[in-house]
Amino acid sequence: MGKPYKIKRHKRIYRRSAGSIILRVAVIVAAIGILFALGWALYAPVSDWIQQRQTNLEQNSTTIGSSQEKIPVQTAEPTEQPQDTNNLPPAKTSNSSASAVAYLPIQTVADPAKFSAALNSAKAKGYDSIMFDLKSSDGTVNYPIAYQVASDARATSASPVDLNSIVSQIKEAGLIPVASIYTFRDHIYPSANKSAATLYKNSDFLWVDNAPDKGGKPWINPFSTEGQAYIRKIVDDACAAGFQMIVLQGTQFPTGYSLDMIDYGEHAADNKNAFLKQYLEQMTEYAANKGVELSGMFTAANMLGANNSIYFGDATAIAPKTTVVDFSLNVFGNGITNDSVSIPNPTADPYNTIKTAGAAIRQQLANHQLLAYIGAEGMTEDVLSAHLKGASDSGIQRYIVRNPTL
């Protein structure tokens, strides 16, 4: 057997010389420098290209949004359609709610023949919605409410309507059902449920807004949990019946004589303006959770700073996301002149009165959805169109017309 070979290991082959290491480092540094220089050279054009792409996308997005919202508004002198005084200016379309609302008297709704005729006429005249009072300004409930045995009969109208049937008829006519509900302005329920009533200080007597021999009426105490629950019950009934929008009216503190004699108990020192704001916010959310748009109604004079004692402060501060503004000329009184608006003679030029007031209110409530409310009793179509054009030209294109000619 031959002599085996002996392998001699040299550790030197596993080492690198100092020169090779330095050369390797130099190559890496040079490569990094070249990459850095190349990146720096390409940064400006690449950045400009990305920025241009983003700008183009944003411009395209803005254009699409604008085209959806800027719907042409027909005026009293249309440019594309022949003038027809039987048709009102089309309102700006809302994604989910009423835009051109005919506010009918409950007497019309309760009469089957008159109601059917009103639905057909409203549709032909360009309205997309029908509104009526579920609870009227005196507190009368216009449908068979089932809430409390002791108060139901007292509050329910002598000629109640069937909400489900009425809503079905409105929808079958291709219109949107809208409910009007008076809240704290209620002169019936406080008498039926004293725990919901406004009382005189240190007494168990109902506060009334005038002397009894002059027709003084009680009011719901806004702070009353009983009163709030009662209103919420009516809102629930409206939602269950299929109304798609609710307008709350009379959401205020009592007005009348002897206001300083009202007993608000533990809430006497509360910020009442803040309370009303919170109440409307909560009711808006409450209805939204049921898929219904809820709004509050105020007069244009309130929005412009006049007669705000019923809100204990600025009315615009409590306006909910969707607000109805009453532009009926009588709400302006003898005129309004302040830092934001000057309307010395409201009836002299209704168009300019409404346009001026509407623009000032739009500026204050820029993030709100606004609807113009017009009381049309006795108005011709041309006069009504001028009122609505004033609102439209101020930027308020959704509207409610009370007692329109149908």
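Values reported hereafter were calculated over all heavy atoms of this structure, with side chains retained and with hydrogens, waters and symmetry mates removed.
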Validation: residues 271-278 side-chain donor-acceptor distances under 3.5 Å, sequence neighbours left out:
{"from": "N271", "atom 1": "OD1", "to": "N273", "atom 2": "N", "distance (Å)": "3.1"}
{"from": "N271", "atom 1": "OD1", "to": "A274", "atom 2": "N", "distance (Å)": "2.9"}
{"from": "K272", "atom 1": "NZ", "to": "A268", "atom 2": "O", "distance (Å)": "2.8"}
{"from": "N273", "atom 1": "ND2", "to": "Y311", "atom 2": "O", "distance (Å)": "3.1"}
{"from": "N273", "atom 1": "ND2", "to": "D314", "atom 2": "O", "distance (Å)": "3.2"}
{"from": "K277", "atom 1": "NZ", "to": "E281", "atom 2": "OE2", "distance (Å)": "3.1"}
{"from": "K277", "atom 1": "NZ", "to": "A317", "atom 2": "O", "distance (Å)": "3.4"}

Classify the side-chain pair [X]/[Y] by whether it contains a donor and acceptor separated by less than 3.5 Å.
X    : Y    : value
Y143 : D237 : yes
E381 : T405 : no
D326 : S328 : yes
D382 : T380 : no
D236 : Y286 : yes

Could you grab the distance from atom [atom1] of [X] to atom [atom2] of [Y], nearest 0.5 Å is fine?
X    : Y    : atom1 : atom2 : value
S295 : R398 : OG    : CZ    : 8.0 Å
Q169 : S165 : CD    : OG    : 4.5 Å
L104 : I130 : CG    : CD1   : 4.5 Å

> With ring centroids as reference points, do Y279 and F184 lie under 6.0 angstrom apart?
Replying inline: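 Yes, they do, as the ring centres are separated by less than 6.0 Å.
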> Angle class for the Y200/W207 ring planes (parallel below 30°, perpendicular above 60°, tilted otherwise)?
Replying inline: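 Tilted: the ring planes of Y200 and W207 meet at 30° to 60°.
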> Parallel, tilted or perpendicular: which describes the rings of F253 and F312, with under 30° parallel and over 60° perpendicular?
Replying inline: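 Plane angle over 60°, so perpendicular.
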> Which residue pairs pass the side chain to side chain donor-acceptor pair (under 3.5 Å) test when at least one of the two sits in residues 250-263, sequence neighbours left out?
Replying inline: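 Qualifying pairs, neighbours excluded: T183-T251.
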>> Measuring only between side-chain heavy atoms, which start at C-beta, is D209 closer than 4.5 Å to W219?
In response: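 Side chain of D209 against side chain of W219, heavy atoms only: contact under 4.5 Å found.
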> Which pair of heavy atoms, one from Y264 and one from P222, lies closest together, and at what distance?
Replying inline: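 Heavy-atom minimum between the residues: CE2-CD, 4.5 Å.
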> Which residues pass the side chain to side chain contact (heavy atoms under 4.5 Å, CB included) test with A229, sequence neighbours left out?
Replying inline: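 Testing A229 for side chain to side chain contact (heavy atoms under 4.5 Å, CB included), a comparison that skips the adjacent residues, returns Y147, R232.
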